[in-house]
Participant: 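Below is a structure I'd like to ask you about.
These values consider heavy atoms only, across backbone and side chains, with no hydrogens, waters or symmetry-generated copies.
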Amino acid sequence: TQGVSSAASDVYKRQVERTGIKNRHIAAEGEATSDMSVIAAERALADAGVSPEEIELVIVATASADHAFPSTACLVQDRIGAKNAAAFDLSAGCSGFVYSLGVASQMVKSGLYKKALIIGAETLSRIMNWEDRNTCVLFGDGAGAAVIGEVEDGLGVLGIDLGSDGSGGKYLFQPAGGSRRPASHETVDAREHFIHMNGNEAFKFAIQIMGKTAKRALAKAGLEPADVDLLVPHQANIRIINSAAKRLKMPMEKVWVNVDKYGNTSAASIPIALCEAQEQGVLKKGGTVLLVGFGAGLTWSSIVLKWSK
């Protein structure tokens with residue numbers, strides 16, 4: 001027994017050193033992405049002092065929707081009573097929340113909508129192969145939400161960089177369940193409805209793209225990394241986060257890290273981090289915040305904003 005316990009302890013220690021992940025949260029039995037989305041949405045609305053009827057657009061960024069259709073956003077729109085809102089899901093993997101912020105902010109800026117609700121939510125535990133240690137030790141469930149609306153001049157979104165390289169889609173995907181490989185006994189037996197990831201290729205992509213996309217968004221905002229008060233990266237892996245900070249020459253004191261508590265929650269990771277930073281008083285009105293994400297697709301996303309709350 002002592003030998004088994006010691007070996008397990010060594011494996012856990014190596015895992016923490018390699019990923020930075022110590023804890024994760026898993027949705028309750030029967031709990032779906034829309035359920036967590038509704039909770040996050042209602043809390044965001046209350047924090048913003050905005051009623052559901054004022055919301056004109058709902059976007060849910062997710063790779064683990066309740067159904068292929070209808071969209072999870074439509075389910076959320078109904079349950080929170082946002083009766084005046086258009087709704088759709090956005091699929092950009094772990095980049096999804098920042099993509100959603102880019103889309104919603106520009107719709108508000110154009111005058112099409114006054115207030116939007118964006119949500120990053122995942123129940124990746126439902127599509128994880130718990131026998132595949134390349135993936136099952138990394139991902140967790142969670143949701144975060146934000147209300148987007150008009151702000152004072154000089155505040156809000158200052159620079160956006162979104163991009164993709166579809167040639168890398170094969171490095172992180174769910175092989176079956178779509179029109180290419182519909183569900184069958186063969187696909188279920190082959191475990192093709194679970195997440196499949198080439199960890200080495202995904203890691204190499206993340207290392208090289210994080211700094212590039214961040215610098216492009218900063219350039220569009222007319223800023224330098226030194227101007228950033230808080231970097232909020234996608235919480236995938238502590239080594240990737242450390243590498244991004246190093247490439248941007250930013251001290252880790254300016255980088256929000258909570259991957260140790262939640263693991264990789266995909267599209268939910270950045271809004272969860274923002275919520276924590278606000279609750280702990282780190283985010284100040286007028287502060288410069290840099291959001292950086294990357295994920296399946298392969299996709300990348302960065303937004304520079306002046307915090308407006």
Side-chain angles (χ1 to χ4, degrees), residues 1 3-29 31-33 36 61-64 93-97 120-144 168-177 188 190-207 209-210 232-245 252 255-273 276 292-299:
T1 302
V4 173
S5 176
S6 176
S9 176
D10 289 344
V11 169
Y12 174 74
K13 183 178 179 180
R14 289 196 299 271
Q15 175 187 315
V16 172
E17 290 174 349
R18 183 170 61 89
T19 66
I21 298 169
K22 297 180 180 179
N23 299 289
R24 290 175 297 156
H25 297 253
I26 302 299
E29 184 176 353
E31 188 174 24
T33 298
M36 292 188 294
T62 186
S64 49
C94 304
S95 299
F97 181 82
E122 303 285 8
T123 47
L124 294 173
S125 61
R126 302 292 190 263
I127 56 172
M128 278 197 294
N129 179 357
W130 290 95
E131 296 179 5
D132 176 13
R133 290 194 60 81
N134 289 320
T135 57
C136 74
V137 300
L138 303 176
F139 296 100
D141 300 335
K170 60 183 176 289
Y171 298 137
L172 179 54
F173 73 125
Q174 185 180 3
V188 172
R191 301 195 170 194
E192 293 183 351
H193 296 267
F194 295 128
I195 298 169
H196 285 236
M197 182 175 73
N198 183 321
N200 289 333
E201 292 297 331
F203 181 84
K204 287 190 291 185
F205 167 75
I207 289 293
I209 201 61
M210 288 277 275
V232 182
H234 168 48
Q235 306 289 311
N237 178 301
I238 190 61
R239 291 182 296 161
I240 295 172
I241 294 172
N242 287 337
S243 174
M252 288 305 293
V255 183
W256 195 264
V257 179
N258 63 7
V259 67
D260 56 313
K261 295 189 288 184
Y262 305 108
N264 183 346
T265 56
S266 188
S269 76
I270 287 179
I272 289 173
E276 280 193 339
V292 187
F294 61 91
L298 295 168
T299 60

Participant: Look up atom OG1 in T135 and atom CD1 in I127, then write down how far apart they are to the nearest 0.5 Å.
Facilitator: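 Reported to 0.5 Å precision, the distance equals 9.5 Å.
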Participant: Is the closest side-chain heavy-atom distance between H234 and N264 below 4.5 Å?
Facilitator: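 In contact.
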Participant: Using the test side chain to side chain contact (heavy atoms under 4.5 Å, CB included), find all partners of E131 that sit at least two apart in sequence or belong to another chain.
Facilitator: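 So E131 forms a side chain to side chain contact (heavy atoms under 4.5 Å, CB included) with N129, R191.
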Participant: How many angstroms lie between atom CZ of F203 and atom CG of N237, to the nearest 0.5 angstrom?
Facilitator: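 Reported to 0.5 Å precision, the distance equals 6.0 Å.
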Participant: Quick one: ring pair (Phe, Tyr, Trp, His ring centres under 6.0 Å) partners of Y262, sequence neighbours excluded?
Facilitator: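 So Y262 forms a ring pair (Phe, Tyr, Trp, His ring centres under 6.0 Å) with H25.
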Participant: I'd like to check P233 versus F294 (side-chain heavy atoms, cut-off strictly below 4.5 Å). Are they in contact?
Facilitator: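 They are not in contact (no side-chain heavy atoms under 4.5 Å apart), so the answer is no.
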Participant: Please give me the minimum heavy-atom distance between M252 and I241, naming the atom from each residue.
Facilitator: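 Shortest heavy-atom separation between M252 and I241 comes out as CE-CG2, 4.2 Å.
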Participant: Please step through side-chain contact (heavy atoms from CB on, under 4.5 Å) for the pair L138 and M197, ending with a clear verdict.
Facilitator: CA-CA 11 Å; L138 303 176; M197 182 175 73; 3.5 Å; yes
Participant: Measure across A27 and S125 and return the closest heavy-atom pair with its distance rounded to 0.1 Å.
Facilitator: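 Looks like N-OG, 4.4 Å.
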Participant: Is there a side-chain contact between D132 and F194 in this structure, where contact means two heavy atoms from C-beta onward sitting under 4.5 Å apart?
Facilitator: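 Not in contact.
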Participant: Going by the rule side chain to side chain donor-acceptor pair (under 3.5 Å), which residues pair with H196 if we only count those two or more places apart in sequence or in a different chain?
Facilitator: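 Result, side chain to side chain donor-acceptor pair (under 3.5 Å) vs H196: none returned.
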Participant: State, with a plain yes or no, whether a side-chain heavy atom of D260 is found less than 4.5 Å away from one of I21.
Facilitator: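 They are not in contact (no side-chain heavy atoms under 4.5 Å apart), so the answer is no.
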Participant: OG1 of T123 to CE of M36: how many Å apart, nearest 0.5 Å?
Facilitator: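 Result: 5.0 Å between the selected atoms.
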Participant: Looking at every non-hydrogen atom in both residues, tell me the closest pair between A245 and V255 and how far apart they are.
Facilitator: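 Between these two residues, the closest heavy atoms are CB-CG2, 3.9 Å.
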Participant: Nearest 0.5 angstrom please: F139 CZ to S269 OG, how far?
Facilitator: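 Taking CZ in F139 and OG in S269, the distance rounds to 11.0 Å.
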Participant: Provide the closest heavy-atom pair for R239 versus I207 in the form atom of the first, atom of the second, distance.
Facilitator: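 Heavy-atom minimum between the residues: O-CD1, 4.3 Å.
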Participant: With sequence neighbours excluded, tell me which residues meet side chain to side chain donor-acceptor pair (under 3.5 Å) with E122.
Facilitator: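 Residues passing side chain to side chain donor-acceptor pair (under 3.5 Å) with E122: T62, S64, S266.
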Participant: T19: which residues meet the side chain to side chain donor-acceptor pair (under 3.5 Å) condition with it, sequence neighbours left out?
Facilitator: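 For T19 there are no side chain to side chain donor-acceptor pair (under 3.5 Å) partners, ignoring immediate neighbours.
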Participant: Decide yes or no for I238 and V257: does some side-chain heavy atom of the first lie under 4.5 Å from some side-chain heavy atom of the second?
Facilitator: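 In short, these two side chains touch, coming nearer than 4.5 Å.
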Participant: Between R126 and H193, is any pair of side-chain heavy atoms under 4.5 Å apart?
Facilitator: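 Result no, sub-4.5 Å side-chain heavy-atom pair not found.
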Participant: Ignoring hydrogens and angles, tell me if any N or O in the side chain of E192 forms a donor-acceptor pair with the backbone of A176 under 3.5 Å.
Facilitator: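 Here the side-chain-to-backbone pair does not exist.
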Participant: Quick one: OG1 on T265 to CZ on F97, what's the gap to the nearest 0.5 Å?
Facilitator: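 One gets 11.5 Å once the value is rounded to the nearest 0.5 Å.
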Participant: Measure across I26 and W130 and return the closest heavy-atom pair with its distance rounded to 0.1 Å.
Facilitator: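 Looking at all heavy atoms of both residues, the closest pair is CD1-CH2, 4.0 Å.
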Participant: Measuring from atom CZ of F205 to atom OG1 of T299, what distance do you get when rounded to the nearest 0.5 angstrom?
Facilitator: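 So the gap between those two atoms works out to 6.5 Å.
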Participant: Going by heavy atoms in the side chains, are L124 and D141 under 4.5 Å from each other?
Facilitator: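 In short, these two side chains touch, coming nearer than 4.5 Å.
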Participant: Can you name the nearest heavy-atom pair linking A61 to A267, along with the distance?
Facilitator: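 Distance-wise, the nearest heavy atoms are O-CB, 3.4 Å.
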Participant: With sequence neighbours excluded, what pairs up with K170 under the side chain to side chain donor-acceptor pair (under 3.5 Å) test?
Facilitator: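 Side chain to side chain donor-acceptor pair (under 3.5 Å) list for K170, sorted by chain: empty.
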